[in-house]
A.B. asks: 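Below is a structure I'd like to ask you about.
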Amino acid sequence: MSRIAYVDGVYRPHRDAAVHIEDRGYQFADGVYEVIAVRGGKLIDEELHLVRLRRSLAELRIDGALADAPLKVVLREVIRRNGVVNGIVYLQITRGIAPRDHAFPKAARPVLTVTARRARPTNPKVAEEGIDVITIPDIRWQRCDIKTIALVGNVLGKQQAREAGAYEAWMVDGKGHVTEGTSTNAWIVIGDNLVVTRPAENAILNGVTRQALIAIIRREGYEFTERAFTVAEAKTAREAFLTSTTSDVTPVVAIDGHPVANGVPGLLSQKLRADYLAHVAE
Ligand code: PLP
């Protein structure tokens with residue numbers, strides 16, 4: 001089955017799908033995106049993704065994007081046309097096409113593109129063995145809460161992780177606190193099984209997986225607090241893990257080559273992973 005993409009109102013063969021060279025997404029990264037997991041043909045936590053999308057659009061003052069109801073139709077149609085049962089659907093909305101000028105154009109209208117692809121759920125071996133992270137300075141801007149397509153800081157960080165043989169890089173702010181991973185949220189478990197993650201302010205993206213897991217943690221009655229934690233605290237934590245749409249809940253077993261506890265996935269991390277996967281399967 002050949003892949004199909006949706007570009008500004010038209011379904012096209014993926015290989016021919018293109019945006020205009022004066023699309024502001026291409027020239028200024030002036031746009032937002034979402035990645036939604038598709039499992040068993042269903043969009044996981046679609047409403048949370050759409051709420052975050054609307055917030056990102058509002059923060060960038062991009063008006064006139066396709067409303068939720070027709071957008072949902074497009075997402076499903078792209079998923080259907082690509083035969084995706086398990087995978088992801090990617091959507092991007094830019095401010096539109098206009099002669100290059102930093103200020104908002106008067107006449108542009110938002111451009112929506114949607115792609116979908118098949119992907120296996122995360123390799124269970126990765127979660128069974130846990131993954132390594134490195135820590136790097138967070139060089140990004142001050143509105144990481146907006147899910148913009150301006151990801152070059154994240155790109156450089158992920159590449160640094162790859163070159164270090166690690167799965168992810170945890171970025172660290174000027175005060176020595178972990179902000180988040182380059183495409184994941186960061187968590188630790190300390191003391192008597194207290195789960196800690198950074199509050200969702202401007203320094204991090206409020207992950208949908210993060211939000212779903214917090215709801216699970218509260219429902220199950222685990223000890224939980226939202227506060228910033230240092231790299232030193234993470235290295236001496238009982239457990240660590242990360243979350244994202246494509247990584248679910250994945251245990252972290254080493255930070256900068258330093259084993260977390262005894263260097264194997266923590267029991268609570270594994271339990272939270274199972275609880276999250278049960279939520280996805282619901
Ligand atoms: N933080 C960053 C910087 C991200 O790019 C992502 C996902 O792409 C996340 C966190 C996790 O968000 P979600 O759980 O919505 O996938």
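Counting convention: from 1, in listed order, for ligands and their atoms alike. Values reported hereafter were calculated over all heavy atoms of this structure, with side chains retained and with hydrogens, waters and symmetry mates removed.
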A.B. asks: Can you tell me if Asn154 has a non-hydrogen atom under 4.0 Å from ligand 1?
C.D. replies: yes
A.B. asks: NE2/His49 to CG/Leu91 distance, rounded to the nearest 0.5 angstrom?
C.D. replies: 9.5 Å
A.B. asks: Do the side chain of Ser247 and the main chain of Thr250 share a donor and acceptor less than 3.5 angstrom apart?
C.D. replies: no
A.B. asks: With heavy-atom distances below 4.0 Å as the criterion, list the atoms of ligand 1 near Thr245.
C.D. replies: 13 (P), 14 (O), 15 (O), 16 (O)
A.B. asks: Just by distance, do the side chain of Arg238 and the backbone of Asp192 share a donor-acceptor pair under 3.5 Å?
C.D. replies: no
A.B. asks: What class does the angle between the rings of Trp187 and Phe224 fall in, given that below 30° is parallel, 30 to 60° is tilted and above 60° is perpendicular?
C.D. replies: tilted
A.B. asks: Looking only at heavy atoms of Thr246, does any of them come nearer than 4.0 Å to an atom of ligand 1?
C.D. replies: no
A.B. asks: State whether a side-chain donor-acceptor pair under 3.5 Å links Asp45 with His279.
C.D. replies: yes
A.B. asks: Counting only heavy atoms, tell me which of Arg210, His49, Gln211, Glu180 gets closest to atom 10 (C) of ligand 1.
C.D. replies: Glu180
A.B. asks: Give the residue, atom name and distance (to 0.1 Å) of the protein heavy atom nearest atom 8 (O) of ligand 1.
C.D. replies: Lys147 NZ, 3.1 Å
A.B. asks: Could you tell me which atoms of ligand 1, counted from 1 in the order shown, lie closer than 4.0 angstrom to a heavy atom of Asn185?
C.D. replies: 10 (C), 11 (C)
A.B. asks: What I want to know is whether Thr209 and ligand 1 share at least one N or O pair that is separated by under 3.5 angstrom.
C.D. replies: yes
A.B. asks: Strictly by modelled atom types, are Asp173 and Thr179 linked by a side-chain donor-acceptor pair under 3.5 Å?
C.D. replies: no
A.B. asks: Do any nitrogen or oxygen atoms of Asn206 come within less than 3.5 Å of a nitrogen or oxygen of ligand 1?
C.D. replies: no
A.B. asks: Output yes when the distance from some N or O of ligand 1 to some N or O of Gly181 is under 3.5 Å, and no in every other case.
C.D. replies: no
A.B. asks: Side-chain donor-acceptor pair under 3.5 Å between Thr182 and Glu168, yes or no?
C.D. replies: yes
A.B. asks: Compute the centroid of each ring, for Phe229 and then for His177, and state whether the two points are separated by less than 6.0 Å.
C.D. replies: no
A.B. asks: Counting non-hydrogen protein atoms only, what is the nearest one to atom 5 (O) of ligand 1? Give residue, atom name and distance.
C.D. replies: Ser183 CA, 3.5 Å
A.B. asks: Give yes or no for whether the N/O distance cutoff of 3.5 Å, strictly under, is met between Ser244 and ligand 1.
C.D. replies: no
A.B. asks: Looking at Gly207, which atoms of ligand 1 are within less than 4.0 Å of one of its heavy atoms?
C.D. replies: 12 (O), 13 (P), 14 (O), 15 (O)
